[in-house]
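What follows is a single structure, written as structure tokens, with notes after it.
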Amino acid sequence: QVQLVESGGGLVQAGGSLRLSCVASGRTLSTDATAWFRQAPGKDREFVAAIRWSSGTTYYADAVKGRFTVSRDNAKNTVNLQMNSLKPEDTAVYYCAADYFVTSRLVDSPRAYDYWGQGTQVTVSS
């Protein structure tokens with residue numbers, strides 16, 4: 001079992017930046033990938049970014065490429081999401097997710113992840 005706790009959300013003006021963190025605890029040594037998803041009111045949960053623990057390979061949704069950066073700190077069991085040039089449409093609850101085996105084909109699918117954090121609210125004002 002893996003426990004995930006997100007932090008770093010808040011209110012920011014358009015064009016600003018926020019840094020989200022996801023700290024993992026429990027059986028983390030075999031975790032394959034950690035991802036960020038987001039869900040706005042009335043919308044489905046959507047993929048934002050992901051990173052593989054062993055190789056550092058990263059994946060991004062087209063909507064955030066060039067603005068968001070996902071990184072990991074293996075020593076601290078932490079995955080970070082640096083969000084720059086934020087837009088009002090980035091407003092959502094952001095969730096961290098992880099699993100022990102995630103194929104590249106499904107890395108952007110919520111179905112691929114069994115472990116989820118509680119979410120952190122990000123609000124971008126115009």
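Quick caveat: nothing in here was measured; it's all calculated off a predicted structure. Starting from 1, each residue takes its place in the sequence as its number.
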Quick one: does [X]'s side chain have a donor or acceptor within less than 3.5 Å of a partner on [Y]'s backbone?
| X | Y | value |
| --- | --- | --- |
| Arg72 | Trp53 | yes |
| Asp99 | Val102 | no |
| Thr78 | Lys76 | yes |
| Glu6 | Gln118 | yes |

So, Asn84 and Gln82: side-chain donor and acceptor under 3.5 Å apart, yes or no?
yes

Any salt bridge between Lys87 and Asp90, counting N to O under 4.0 Å?
no

Heavy-atom side-chain proximity of [X] to [Y] below 4.5 angstrom:
| X | Y | result |
| --- | --- | --- |
| Val2 | Tyr100 | yes |
| Thr91 | Gln121 | yes |
| Cys96 | Trp36 | yes |
| Val70 | Tyr59 | no |
| Val93 | Arg45 | no |
| Leu86 | Phe68 | yes |
| Arg38 | Val64 | yes |

How about Gln13: does its CD atom have over 12 heavy atoms from other parts shown lying under 6.0 Å from it?
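It does not: Gln13 CD has 12 such atoms or fewer within range.
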
Consider only side-chain heavy atoms of I, L, V, M, F, W and Y, link residues closer than 4.5 Å, and tell whether Phe47 and Trp116 are in one cluster.
yes

Thr120 side, atom OG1; Leu81 side, atom CG - distance, nearest 0.5 Å:
11.0 Å

Taking the six-membered ring for Trp and the full ring for Phe, Tyr or His, determine whether the centres of Tyr113 and Phe37 are under 6.0 Å apart.
yes

Tell me the closest heavy-atom pair linking Ala49 and Tyr60, and the distance in Å.
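So the two residues come closest at CB-CD2, 3.7 Å.
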
